[in-house]
Amino acid sequence: MDFNELYCIKNEAERVNRTYDIFDEEKRFSSKAARVEFITTVQYIEKYLKPGDRILDIGAGTGAYSIYFSRNGYEVSALELADANIRAFRKKIMPSDCIDLVQGNALDLSRYPDNHFDIVLVLGPLYHLKNDKDKQRCIEEAKRVCKDGGKIFFAFISNDMVTLTEFAYDEKYFLGDTYDHETFKVFDFPFVFHTLDEMRQILRRGGVKILNEVASDGVSELMAERINNLDELSYEQYLRYHFYTCEKPEMLGRSNHLLFATEKE
């Protein structure tokens, strides 16, 4: 599978499935720089997590969050679409893990009852859904299975930071054909990109209350080489700096990934 073959797949679910034949999700949090996003997301989830809470991880990838919370004593249900991710996830599950893993689509959570989960994670599906109807369907399903007053966490990929990140990899990026040269909208392939204002609008239309807006990885990809070379004490201090800045309004547009902690009203 290559990008040309991927582009030719018309069925969106199948295209997402095959995307992870190309991208190795298992390696996504494998470096110090990459783990900034994971550490940040966990800290914000734990801010609202209570003993005995039930967690649903929609678009669970290879299980990084599901396994972490299961091994910290929580009952986790996990749903993932991509075959490659399911295979990698299943290899990591231990008999002691309290994880119900199924293959499925974020647009159809009919296997789960209404008002069942205290915490719902939607940390991948909005990287892939292109049309507004599907985005709202994803949000509605997450709300339906979440308890009243429960917390739903949404992640997006930032259009404007991706532009800078791509430029860091390719000095000729601004002369290329992967974005609109007038609006600077990055073309939605193989992922879907949003501006900060678009993210807010999507969630407000979905009828959730935004509690926190978080630059979950900040500049960690741009600064990856330097961050990865930090000793442990320096890395700890870098993380403190990251948490000091990650909710500052002026930093939200300068992160590849944005995390929104929301509440079902």
Side-chain angles (χ1 to χ4, degrees), residues 3 19-47 57 59-69 71-72 80 82 84-85 87-89 91-92 121 123-124 126-128 153-174 176 178-179 186 190-194 196 212-248 250-261:
F3 284 110
T19 294
Y20 291 96
D21 291 340
I22 299 173
F23 290 92
D24 188 352
E25 181 71 8
E26 183 68 1
K27 294 180 179 179
R28 200 158 84 80
F29 297 136
S30 60
S31 70
K32 286 179 178 177
R35 284 189 67 79
V36 172
E37 179 189 354
F38 177 82
I39 293 166
T40 304
T41 302
V42 164
Q43 179 160 310
Y44 275 89
I45 294 168
E46 289 180 335
K47 178 177 179 179
D57 189 359
T62 61
Y65 295 103
S66 292
I67 289 171
Y68 173 86
F69 286 110
R71 292 177 184 174
N72 278 275
E80 170 57 33
N85 291 345
R87 289 193 297 270
F89 193 157
K91 288 178 181 177
K92 296 188 291 185
L121 311 181
L123 303 178
L126 292 169
Y127 297 173
H128 299 287
F153 294 82
F154 296 95
F156 294 85
I157 305 176
S158 172
N159 182 88
D160 298 345
M161 187 61 168
V162 164
T163 299
L164 282 181
T165 305
E166 291 299 320
F167 177 50
Y169 292 127
D170 178 6
E171 64 183 16
K172 296 182 179 179
Y173 175 79
F174 283 108
T178 59
Y179 74 98
V186 180
F191 300 101
V192 176
F193 309 102
H194 299 90
L196 178 58
N212 304 97
E213 299 177 338
V214 186
S216 50
D217 54 358
V219 297
S220 61
E221 188 166 355
L222 280 180
M223 302 289 291
E225 182 177 0
R226 185 155 293 185
I227 293 169
N228 289 335
N229 287 331
L230 292 175
D231 59 49
E232 290 304 316
L233 284 177
S234 298
Y235 184 59
E236 288 179 13
Q237 189 66 3
Y238 173 77
L239 288 173
R240 290 179 63 192
Y241 168 77
H242 168 72
F243 281 111
Y244 162 68
T245 61
C246 69
E247 284 196 70
K248 288 192 171 187
E250 63 269 27
M251 298 299 290
L252 294 176
R254 288 291 177 255
S255 182
N256 279 295
H257 298 86
L258 271 290
L259 176 70
F260 290 79

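Index from 1, following the sequence.
A distance of 7.5 Å separates CZ of F260 from CG of L252, quoted to the nearest 0.5 Å. Going from atom CZ of R35 over to atom CD1 of I227 covers 14.0 Å, rounded to the nearest 0.5 Å. A distance of 5.0 Å separates CG in N256 from CG in D217, rounded to the nearest 0.5 Å. The CE atom of M223 lies 11.0 Å from the CG atom of N228; values are rounded to the nearest 0.5 Å. Note: N72 CG to E46 CD = 6.5 Å, rounded to the nearest 0.5 Å. Separation of atoms CG (N212) and OH (Y44) is listed at 6.0 Å; rounding is to 0.5 Å.
Under the 3.5 Å distance criterion, the side-chain polar atoms of T245 are matched with a main-chain donor or acceptor of Y241. The closest donor-acceptor contact from the side chain of S255 to the backbone of L258 lies at 3.5 Å or more, if one exists at all.
Of all the heavy atoms in A224 and A33, the pair that sits closest is CA-CB, 3.7 Å. F23 approaches P190 most closely through the heavy-atom pair CE1-CG, 3.7 Å. Between Y179 and G176 the shortest heavy-atom distance is CE2-O, 4.1 Å. Contact record, V214 with E247: CG2-CG, 4.2 Å, taken as the closest heavy-atom pair. Listed here is the closest heavy atom pair of T40 and S216: OG1-O, 3.2 Å. Nearest heavy atom pair, residue L222 against residue A168, reads CD2-CB, 3.6 Å.
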Intermediate values then yes/no, side chain to side chain contact (heavy atoms under 4.5 Å, CB included), F38 and L123
CA-CA 11 Å; F38 177 82; L123 303 178; over 6 Å; no
Step by step, would you call V36 with H242 a side chain to side chain contact (heavy atoms under 4.5 Å, CB included)?
CA-CA 8 Å; V36 172; H242 168 72; 3.6 Å; yes
Using the rule given for side chain to side chain contact (heavy atoms under 4.5 Å, CB included), can you reason through I67 versus T62, listing the C-alpha separation, both sets of side-chain angles and the distance that settles it, and then say yes or no?
CA-CA 9 Å; I67 289 171; T62 61; over 6 Å; no
Run the side chain to side chain contact (heavy atoms under 4.5 Å, CB included) check on D57 and F69 step by step: do they pass?
CA-CA 10 Å; D57 189 359; F69 286 110; over 6 Å; no
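For the residue pair E80 and Y20, no side-chain donor N or O sits within less than 3.5 Å of a side-chain acceptor on the partner. N85 and E25 share no donor-acceptor pair across their side chains, judged by distance under 3.5 Å alone.
Counting non-hydrogen atoms of other residues, nucleotides and ligands closer than 6.0 Å to CD of E171 gives a total of 12 or fewer. For R71, the CZ atom counts as densely surrounded, since its 6.0 Å shell holds more than 12 non-hydrogen atoms of other residues, nucleotides or ligands. Atom NZ of K27 sits in a sparse spot, with 12 or fewer heavy atoms from other residues, nucleotides or ligands closer than 6.0 Å.
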Distance-only donor-acceptor pairs under 3.5 Å for side chains of residues 154-164, two or more places apart:
| residue | atom | partner | partner atom | Å |
| --- | --- | --- | --- | --- |
| N159 | OD1 | V186 | N | 2.8 |
| N159 | ND2 | F184 | O | 3.0 |
| T163 | OG1 | N159 | O | 3.3 |

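The pair K32-E232 counts as a salt bridge, with a side-chain nitrogen and a carboxylate oxygen less than 4.0 angstrom apart.
In this structure, F191 and Y127 have perpendicular ring planes: the angle between them is above 60°, well past the 30° mark.
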